[in-house]
Amino acid sequence: MTTTGEERERAFDHGEVEPRWQQAWDEADVFRIDDDATDPEYVLAMFPYTSGQLHMGHVRNYTITDAVARFERMRGEDVLHPMGWDSFGLPAENAAEERDTNPRDWTMQCIDRMRDQFVEMGFGYDWEREVTTCEPDYYRWNQWLFKRFREAGLVERQAAELNWCPSCETVLADEQVEGDDELCWRCDTPIDHREMDQWFLTITDYAEALLEALDDLDGWPNNVREMQRNWIGKQEGASVAFEVGEYGAVDIFTTRLDTIHGATYFSLAPGHPVAREIAEENDEVAEYIHEAEHADEDDLDVTSGVFTGEYATNPATGEAIPVYVADYVLTDVGTGALYAVPAHDDRDHEFATHHDIEIRQVVEPAPEADVDPEDVDVQEAAYTEDGVLDLSAVEGSSRPEGSDGVLVNSGEFDGLTSEAARDRFVSEFDGEHRTEYNLRDWGISRQRYWGTPIPMIHCEDCGHVEVPDEDLPVELPEFVHTTGNPLDAAEEWKQTSCPDCGADAVRETDTMDTFVDSSWYFLRYVSPDLTDAPFDTDRASDWLPVDRYVGGIEHAVMHLLYARFVTKVLGDIDLLEGVREPFTNLTNQGMVLGENGNKMSKSKGNGVSPQRIIEEYGADTARLFIMEAAQPEKEFAWSPEGVQSAHSFLQNIYGLADELAAGEIEFGSEGDIAGYVAREIDATAARATAEYETFRFNHALQAVRELVALLRRYREATEPDDATFERGLVTAAKLLAPVAPHVGEELWERLDGAGLIAEADWPAAEAPADYDTERRLVENTREDVRDIVDTVGIEDPQTITLAVAPAWKHEVVDVAREADNVVPAVMQNEELRRYGEAAADFAKTLAGRATFDEHLPPERELAALERAAWLIEREFGAEVVVQSAEAAGDSLASKAEPGRPAIDIAE
RNA sequence: GCGAGGGUAGCCAAGCCCGGAAACGGCGGCGGACUCAAGAUCCGCUCCUGUAGAGGUCCAAGGGUUCAAAUCCCUUCCCUCGCACCA
C-alpha cells in the first residue's frame, strides 16, 4: 500500500493502539458480569478444543459473539459472555507422545497461547468465569453428575462393538479408522471389531422428548433441526410374531403392516440370534454369516442371501413362507428380522426377482390417486405407495377375477385403506404398536488417559461400586508413556479398596467421552468456582437458556443433542428449574474459504494465519473484514482486497476524527445541508440497529460506511455545522465499535467521549418521519436530472430549477387514491373543480395508474429538495433553484406531480 | 430414495415471510474530477433502444392466482447439504 505523507500522519498504529485498549478494558472490568445480575443476555460461542492453533474459523466464530455481546452491552443489557477450554481428548495424548511431554503440560501451554490470542483479538470475555474441562475442579462434576444420572436410572453397562487396534491396544473412534481397509491412523494396522462392556448414558429414554421439542426451537436453523430428527430417526410401526420352524416366535418390526398378506418370504439379519442358531445346524448358512460379517460394506450385493431350509408361518394367511438369511437385513434396525413383501418394497422386490420368489400384489392405488391401477405391474417394479387393499391375488381369496374384491379368508379387510389396515391388523394378528428410534444409547467409555475418570470401582464380590461423593474427584494419575491405556498401566492408582466391603478392588480405567464435558459447560460459567455443586441452581435457572449460541455446523448432532439431553435430565432431577432447552437461538457460522474459494488447508497452501493478519493489519481490520464479507451463516472467500478495504476504511474514519480533534476542520453555519446530514445520521442509526438485531452485520457496516462517506462529502461541499458533523462521527464510531472496538475507542477519545465507548450508550435509533418517502423523492429527482442531462446531451448546465407541484395536485392524488372511479370523484369535488380542465386532465392521467405512491405534502417536498440541493449542485456544477409551484409559475409547475418535481435545466 | 436449503444482471450477493419503480450493495469493466503521472479518494455509467425525465425486455423453465408477481400457488429441470441396504 502506498500512503501519502498526510495519510501516514493521520494513521494509527494498531500495534500500539490495540494492547492499550485491551488493558483499559481489563482495568475497567468492562466485561465482568455481577453474580447478582438478573436474566442477563447470555451470548455464547462454542468453546474451542485446545489445539494451540487459532484458525480463521475461530476468529470468525468469536468475532460474531464478541460483536453481539458488545452491541447488547452498549444497549444497556447485562451481558454474560464467557470463554473456556474444551481441553480433554486424544490429540493431547498424541501431542504429548510426539513431544515427549505429558498431556497436561501440553494442554496448559496451548491454553495460555490461545488465551493470549483471544486478548489480542480484542475479544471481551469475563475471564473470572473461565472454565477448563481438564481441571479436577471441573471434571469432578462430570463424575458427580455421572452418579446422579446413575441414581436416576440413566446409566447402564452394555456390550458394544468397538474399533480396536491390536497394535496400540486401544479403542479407536470411527473417525480414527482410515480408508476402506480400516487401518489404524497411527500405525496402519488393520483394526479389529471387538465387543466390550461399556458405560452408557441412556439418551434413548429421552428420544421422544428430544424429538418433540425440536418443533418449538424456532431460533434454530432448519437444517440442524432436521439433522437431529434424522439422527433420532423415529419410525412408527408395529411388531408381529412369526413362528419359525422349531425355533419359536420371531418378532418382526414393520411400518407397512398393511402389506402382510403379500409376504412371500421371511428374512433374518446375519446377526440375528435365530440365524446363528440355524447356522449351528446348517453349514451353508454358517458360511454365509461368516462371509457377511467379514465383508466390507459394498462387497455383498443387495440380493445376497441364503435359504435356510426353514419356513415361517404368516399369521395373516397361515401360509408357510421360506426363511432366508440376508445381508440387506440389518441386525440393529427394528428387530433384525422382517417379512418381505416383494410387491411393495423395492429391496424385497429385487431380492425376490433374483431368488425367483413369488411377487404377490396386495395393495392397489386408491381411487383418488392419480395412478390407474391397471398401470401398476408389481412383477416389474414394487408399488410402494399407500393405497387400498387388494387381496385378490392372495391364495384362498374368494374374490372373483375383476370384481371389486371380496376378502381373503375373512372377507372383512377388503377395500380398507393402507392406513386403516395398519391399525386394524395390529390387534387382528396379535401384534403391538411400536415406535422405533435410530438413536442409540450414548457410549461414554473411552480407553484413554486424557479424560474424566469414570468414578466406579470393580469389586470381586460387590460388582460395580460407585466412588463415594466425598472421595470425588477421582483424579488422573501421572501420565506414563505406554502403548495401551495409561490408566491401566498406573498400577498404584488402579489398586484400591471396595467402598462397600473394604476388600481389594480395582478402579475403572475407562475415561469419559469428551462430549460429556461439553454437554453442560454452559452451566458452569454461571458459578465457575462453586465447590459444592456443579452450578448454582437458582442462578442457572434465571440466566439460562443461552440467548445466542454460535458455533460450527459440525456439532449439529453430537454436541447439541447431548447438551439438550443433559439439560432435560438436569431439569428432571431438580438441578435446573424451568429450563428445558439449553440454547434459544443458534447460529452456525459459515466457513472461511481460501482465496481461491476452496477450503483452507495446509495441503492446498491457501491457509491464512490469524496471527499474521493481526500483526500486519491489526485485530480490528481482521474483525471488520470478516463481518463485512458475508452474513454469519454464509461462507465466504478470504480476499486480500477486502482486508485492504477494511483497513483503509478504519484509517479513513480515524483520520476524520483526528482532524476534527486537531481543530483542522473549518466549521460554518450552513443550515440546509446540516438538516440533510442530520436526517441521514438518524436513519443510519436506525438501520444499523435493526441489522445488528437480525445478525446482518454486513448490512449494518455498509450503513456505517455510507454515513462516513457522507460526512466526508459534507466537509468537502461546505463548512459544516460543527454539532452535526461531530454527532455524525460519534454515531458512526458507536455503530462501528462492536466490530472494531479498538478503533472505536480511539475515535471516542478524539471525540471527547466520557469513559470507554465499550460502555457508552448505543445511539438512539429512530428514523426521521417519512424518511423513506423523502429519500425516494430525492433519489428519483437526481436520477431524472441525470437522465435529462444525458439524453439531451447538455454539456455544461448552468441552472437547474426544481419546482414542486401545487397543493391542489396533491389533493387530487389523495382523492384518487380513495376513489374507485377517479375522474368523476375528482370532478365532483368542489374545491378541485375550480382548477377546471387542468384538474380533469390530471385526474385522467391518474386514472390510468394502478397505484399511488406515498408522497409528502408540498411544503415538505420543498424542504426536502432544498436540503438535498447541494448534492445536485456538486454533481453537475450548476446552481440549483428549488421553488414552490407559486414561485415557479404555471408553465413549469404544471409539469410537476406530487413526488416528482418539474425540472428545468438551463445551459 | 427420503429430507432441508437454494437457482436474481459478467462474478459475488440483497430483496421473497408481509405482491406494487430494471431489482440494495460489493467486485470487475467504462467514463469523469483531482494529479506532471500513477495509486488512493471522489462523482457517474455498466440489459436493449432513446437529443427533457421515455419505451421495451427481465429475477432457472413453463403454467396459474391477481388490477399488479423476483415475491403467492402448481409442474419440470438443475445445484448444495444432511440421512440412508432404516423394514
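Throughout, a chain's letter reflects where its sequence line sits, starting with A, and its residues are numbered from 1. Values below: every heavy atom of this structure, side chains too, minus hydrogens, waters and symmetry copies.
- For A:Ile553 and B:C83, the CD1 to C1' distance is 13 Å, given to the nearest whole Å.
- B:A61 and B:C42: their P atoms are spaced 37 Å apart (whole Å).
- Taking every side-chain heavy atom of A:Asn223 into account, B:A4 is the closest of B:C85, B:A4, B:G44.
- In the displayed structure, A:Trp638 atom CH2 is contacted under 6.0 Å by more than 12 heavy atoms of other residues, nucleotides or ligands.
- When each of A:Arg776 and A:Ala337 is assigned the nucleotide of RNA chain B with its nearest heavy atom, A:Arg776 is the one assigned upstream, toward the 5' end.
- For A:Arg712, a side-chain nitrogen or oxygen approaches OP1 or OP2 of B:C42 to under 4.0 Å.
- If you take CE of A:Met227 and P of B:U80, they are 17 Å apart, rounded to a whole angstrom.
- Contact annotation for A:Val329: base contact, defined as any heavy-atom pair under 4.0 Å involving a base atom.
- Taking atom CE of residue A:Met591 and atom C1' of nucleotide B:U80, one finds them 11 Å apart after rounding to whole Å.
- Going from atom CG of A:Asn438 over to atom C1' of B:C85 covers 13 Å, rounded to whole Å.
- The aromatic ring centroids of A:Tyr617 and A:Phe625 lie 6.0 Å or more from each other.
- Taking 4.0 angstrom as the limit, A:Arg696 places none of its side-chain polar atoms (N or O) nearer than this to OP1 or OP2 of B:C24.
- No more than 12 heavy atoms of other residues, nucleotides or ligands sit less than 6.0 Å from atom CD of A:Glu419.
- Heavy atoms from other residues, nucleotides or ligands lying under 6.0 Å from CD of A:Glu795 number 12 at most.
- Here the C1' atom of nucleotide B:C83 and the CZ atom of A:Arg225 are 17 Å apart, to the nearest Å.
- A donor atom on one side chain and an acceptor atom on the other are not found under 3.5 Å apart for A:Arg347 and A:Ser267.
- With both ends at atom C1', the span from B:C81 to B:A68 equals 37 Å, rounded to whole Å.
- In this model, the phosphate group of B:G44 is approached by a side-chain N or O of A:Arg786 to a distance below 4.0 Å at OP1 or OP2.
- Atom name P, nucleotides B:C16 and B:U71: the rounded distance is 12 Å, in whole Å.
- The NE2 atom of A:His555 sits 15 Å away from the P atom of B:G82 (whole-angstrom rounding).
- One C1' atom belongs to B:G62, the other to B:A70, and the distance between them is 16 Å to the nearest Å.
- Ring to ring, A:Tyr324 and A:Phe266 are not that close: their centroids are 6.0 angstrom or more apart.
- Distances were taken from every side-chain heavy atom of A:Tyr328 (C-beta onward) to each of B:U41, B:A14, B:C85; the shortest belongs to B:C85.
- The side chain of A:Glu226 approaches B:A4 more closely than any other nucleotide in the set B:G25, B:A14, B:A4.
- Checked by atom type and distance alone, the side chain of A:His344 pairs as donor or acceptor with a backbone atom of A:Tyr383 at under 3.5 Å.
- Taking 4.0 Å as the cut-off between side-chain N and carboxylate O, A:Glu680 and A:Arg775 count as a salt-bridged pair.
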Pairs under 3.5 Å (Watson-Crick or G-U), crossing ones as [ ], inter-strand ones as |: RNA chain B comes out as ((((((((.[[[..)....(....]]]((((((.......))))))(((....)))...[[[[[..)....]]]]])))))))....
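- At whole-Å resolution of the value, CD1 in A:Ile232 and C1' in B:A4 are 16 Å apart.
- For B:C85, the base has a donor-acceptor partner in the side chain of A:Asp327 [N/O atoms by modelled type, under 3.5 angstrom].
- For the C1' atoms, the distance from B:G64 to B:G28 is 40 Å, rounded to whole Å.
- Between the side chains of A:Asp348 and A:Tyr328, at least one donor-acceptor pair of N or O atoms lies under 3.5 Å.
- Here the separation of B:U51 from B:G55, taken at their C1' atoms, is 15 Å to the nearest Å.
- Annotation: B:C18 and B:C73 have their P atoms spaced 10 Å apart (nearest Å).
- Between the P atom of B:G26 and the CD atom of A:Gln644 lies a distance of 18 Å, rounded to the nearest Å.
- The residue A:Arg782 sits close only to the backbone: its heavy atoms come under 4.0 Å of sugar-phosphate atoms, none of a base.
- A salt bridge is absent between A:Asp216 and A:Arg225; no separation between the charged side-chain nitrogens and carboxylate oxygens falls under 4.0 Å.
- B:G20 and B:C72: their C1' atoms are spaced 14 Å apart (whole Å).
- When the nearest nucleotides of RNA chain B are assigned to A:Thr331 and A:Arg687 by heavy-atom distance, the more 5′-ward of the two goes with A:Arg687.
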Protein N or O to nucleotides 50-54 of chain B N or O, pairs below 3.5 Å:
from, atom 1, to, atom 2, distance (Å)
B:U51, O4', A:Thr791, O, 3.2
B:A52, N6, A:Ile905, O, 3.1
B:A52, N1, A:Ile905, N, 3.2
B:G53, O2', A:Asp784, OD1, 2.5
B:G53, N1, A:Pro901, O, 3.1
B:G53, N2, A:Asp784, OD2, 3.0
B:G53, N2, A:Pro901, O, 3.0
B:G53, N3, A:Asp784, OD2, 3.3
B:A54, OP1, A:Arg900, NH2, 2.5

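- You'll find the side chain of A:Val240 stays beyond 4.5 Å of the side chain of A:Phe425, heavy atoms only.
- A 4.5 Å side-chain heavy-atom check between A:Glu236 and A:Thr255 finds every atom pair outside the cut-off.
- The side chain of A:Gln631 approaches B:A14 more closely than any other nucleotide in the set B:C24, B:G44, B:A14.
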